[in-house]
2 protein chains.
Amino acid sequence: MTEATRRERLRAETEREIRQAARTLLVTQGREAVTLRAIARELGITAPALYRYYASHEDLLRQLCDDICQDMSRELQTHLAGISSDQVREQVRAVCHGFRAWALAHPQEFSLVFASPIDALAPGDQFGSVFLEVAAQLIASHPAPEHDHDDVPSALHGDLAAFQDVLIRAVASHGCEVSAAELSLGAIYQIVQSWVRLYGHVALEVFGRFPFAVSNPEPMFDRMVDQMLSDIGFRD
Amino acid sequence: MTEATRRERLRAETEREIRQAARTLLVTQGREAVTLRAIARELGITAPALYRYYASHEDLLRQLCDDICQDMSRELQTHLAGISSDQVREQVRAVCHGFRAWALAHPQEFSLVFASPIDALAPGDQFGSVFLEVAAQLIASHPAPEHDHDDVPSALHGDLAAFQDVLIRAVASHGCEVSAAELSLGAIYQIVQSWVRLYGHVALEVFGRFPFAVSNPEPMFDRMVDQMLSDIGFRD
DNA sequence: ACGGTTCAGTGAACGGTGTTTACAAAGTTG
DNA sequence: CAACTTTGTAAACACCGTTCACTGAACCGT
């Protein structure tokens, strides 16, 4: 059956339970409550036992971040699956609204993932990548929004080209093939700019840092997404 | 001379020393190191003594945030003072670059102010207000960028009008008078959108959450600010 | 100048935290 | 069965925020 030995299965199981307990604590009582002793208490164990599974408290939190991002990713993909693939704008809207909804529904998780300056996670396969992959896929499948290739600062060409490579490979691993020509540097630049605005709005809303009390931020968000779509070149 | 009694002066002095010590700890050793005992140790005092000045650790952090925002505000105002007031775009650029430079130079402070979900500060007189006041001032003093008043979602009219009021009063308190007509709802909306983008870029850069390793983010930032200016309607 | 009051600061204590260490009890394997 | 690895424990360490009873000095009205 499984290649793993009995011991390895048990270990993996416990590891899952630990992170599940940590997750529950995070959601129900906030970041401060995610303590080794509390986690251990949850599964009827003593705190030092956790060191058999994680090198430190920080290490556990880091891995918890990975779990969270993976879950969010899956949720966004689910939202996306319900929309026919030729309705490009609706797909972008779904991802953006899904991201915002997730952030507002899981502020603790969002804060954890976005509040730690550098130390917590590997930058590669993270939350953003979901949005970005989707964006790349959509732009690639779109009738070529025609961006001025020279419109992006030449100092960025190197970075953008590298990112272009990553995106093309990521999209390919999802089954869809795109060429560098279809996903131009200009398009990549637009994607990154969209990410800046999407992230900016959501973070400001979650952190309550809008300059005034926005009684109903949703129409503002809708308007911004529409503007983004129009800036990218999607006017169907 | 001073209205304050000797006792009040000593108290204010100590209060300042406490926050100074807290600030130093934050900058040199990170948020986690800002502990009551460490602060007390810094000024040759025991931890419980701090409770004569602040109700709790959280309260101290909250007031520290205020200090930080005030400092940043002063720094931005300084940058601004060096530019003749008729060079509108240069003033906006100065504020944006100043904000980014401050955030990158003080990542710990930035994280503290931007990482705490709701509990840490009053939303009114905060960091953002500096940028927003400046923006309002500039837009008001500009030859009317002519925004479509109807371009903003009607659901936002209430909030925007309230914010318009705040901004007009804030600008007035800085000596400059503007009317509601000069600072239209469309303009306000543009200001808020600019704040979203500015904050989004800076936070992503400080938190290292750009989707790819940006070897040199400055040209990207410059490009974004230019785009913002053009979107607002400043093309001088 | 004195006596009461206010106030800054102390030291001890409580319950909590992450982490290390030595040790016991299982499970695994030859 | 014996040797070994893995998993968990208990005790301890140093640190944390916070409370409480207490001291000593500064202030203030008389």
Side-chain angles (χ1 to χ4, degrees), chain A residues 1-26 28-65 108 112 115-116 119-120, chain B residues 1-26 28-65 108 112 115-116 119-120:
Chain A
M1 288 282 172
T2 60
E3 282 294 335
T5 74
R6 173 183 140 82
R7 231 184 203 161
E8 278 164 337
R9 270 184 293 113
L10 282 184
R11 185 180 176 82
E13 172 75 12
T14 311
E15 220 159 318
R16 251 200 47 247
E17 282 178 23
I18 291 173
R19 288 196 274 194
Q20 179 53 48
R23 189 77 174 273
T24 303
L25 283 168
L26 175 66
T28 60
Q29 288 166 253
R31 173 177 192 159
E32 306 287 290
V34 186
T35 156
L36 291 185
R37 284 183 161 89
I39 296 169
R41 204 177 305 129
E42 213 79 6
L43 17 159
I45 268 179
T46 61
L50 296 175
Y51 281 82
R52 301 289 173 193
Y53 300 89
Y54 299 94
S56 69
H57 183 230
E58 191 187 333
D59 182 44
L60 198 159
L61 280 185
R62 186 168 21 244
Q63 301 216 31
L64 189 60
C65 279
Q108 301 287 355
L112 177 64
S116 20
D119 49 319
Chain B
M1 290 284 169
T2 60
E3 281 296 335
T5 75
R6 175 183 138 84
R7 233 184 201 160
E8 278 165 337
R9 269 184 292 113
L10 283 184
R11 185 180 176 84
E13 172 75 11
T14 312
E15 221 159 314
R16 251 201 44 247
E17 282 177 23
I18 292 174
R19 288 197 273 195
Q20 179 52 50
R23 189 77 172 272
T24 304
L25 283 167
L26 176 66
T28 60
Q29 287 165 254
R31 172 178 192 157
E32 307 286 291
V34 185
T35 155
L36 290 185
R37 285 183 158 89
I39 296 170
R41 204 178 304 130
E42 212 79 6
L43 20 158
I45 268 179
T46 61
L50 296 175
Y51 282 82
R52 302 286 172 194
Y53 300 89
Y54 299 93
S56 68
H57 183 231
E58 191 187 333
D59 183 43
L60 197 159
L61 281 184
R62 185 168 22 241
Q63 301 216 33
L64 189 61
C65 279
Q108 301 286 355
L112 177 63
S116 21
D119 50 318

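The chains referred to below are lettered A, B, ... by the order of the sequence lines, with proteins before strands, and numbering in each begins at 1. All heavy atoms count here, side chains included; hydrogens, waters and symmetry mates do not.
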Q: Check the pair B:Arg62 / B:Tyr54 against side chain to side chain contact (heavy atoms under 4.5 Å, CB included), numbers first and verdict last.
A: CA-CA 10 Å; B:Arg62 185 168 22 241; B:Tyr54 299 93; over 6 Å; no

What's the closest nucleotide to the [X] side chain, out of [options]?
| X | options | value |
| --- | --- | --- |
| B:Pro48 | D:dG17, C:dG11, C:dG18 | C:dG11 |
| A:Arg11 | C:dT10, C:dT20, D:dT7 | D:dT7 |
| B:Tyr51 | C:dG18, D:dT9, D:dG17 | D:dG17 |

Rounded to the nearest angstrom, tell me the gap between atom [atom1] in [X] and atom [atom2] in [N].
| X | N | atom1 | atom2 | answer |
| --- | --- | --- | --- | --- |
| B:Ile39 | D:dT18 | CD1 | P | 11 Å |
| B:Arg41 | D:dA14 | CZ | P | 13 Å |
| A:Arg52 | C:dG18 | CZ | P | 18 Å |
| A:Glu8 | D:dT6 | CD | P | 10 Å |
| A:Leu36 | D:dC13 | CG | P | 20 Å |
| B:His57 | D:dC15 | NE2 | P | 16 Å |
| B:Leu61 | D:dC16 | CG | P | 14 Å |
| A:Leu10 | C:dA25 | CG | C1' | 16 Å |

**Q.** Minimal non-hydrogen separation, A:Leu112 against A:Arg31, with atom names
**A.** CD1-CZ, 3.6 Å

Look at all strands and tell whether [X] reaches a base, only sugar-phosphate, or nothing, counting heavy atoms closer than 4.0 Å.
| X | result |
| --- | --- |
| B:Ile45 | sugar-phosphate |
| A:Thr14 | nothing |
| A:Tyr53 | sugar-phosphate |

Q. Under 3.5 Å, is there an N or O donor on one side and an acceptor on the other linking the side chain of A:Arg37 and the base of C:dG16?
A. no

Q. Does the side chain of B:Thr46 get closer than 4.0 angstrom to OP1 or OP2 of C:dT10 through an N or O atom?
A. yes

(Q) Check the phosphate of C:dT17 against A:Thr35, side-chain N and O only, distance under 4.0 Å to OP1 or OP2. Yes or no? (A) yes

Q | Short side-chain donor-acceptor distance under 3.5 Å, B:Arg19 and B:Gln63 | A | yes

Q: Any chance you could measure B:Ile45, atom CD1, to B:Ile39, atom CD1, to the nearest 0.5 Å?
A: 11.0 Å

Q. Going by an N to O cut-off under 4.0 Å, is there a salt bridge joining A:Arg9 and A:Glu13?
A. no

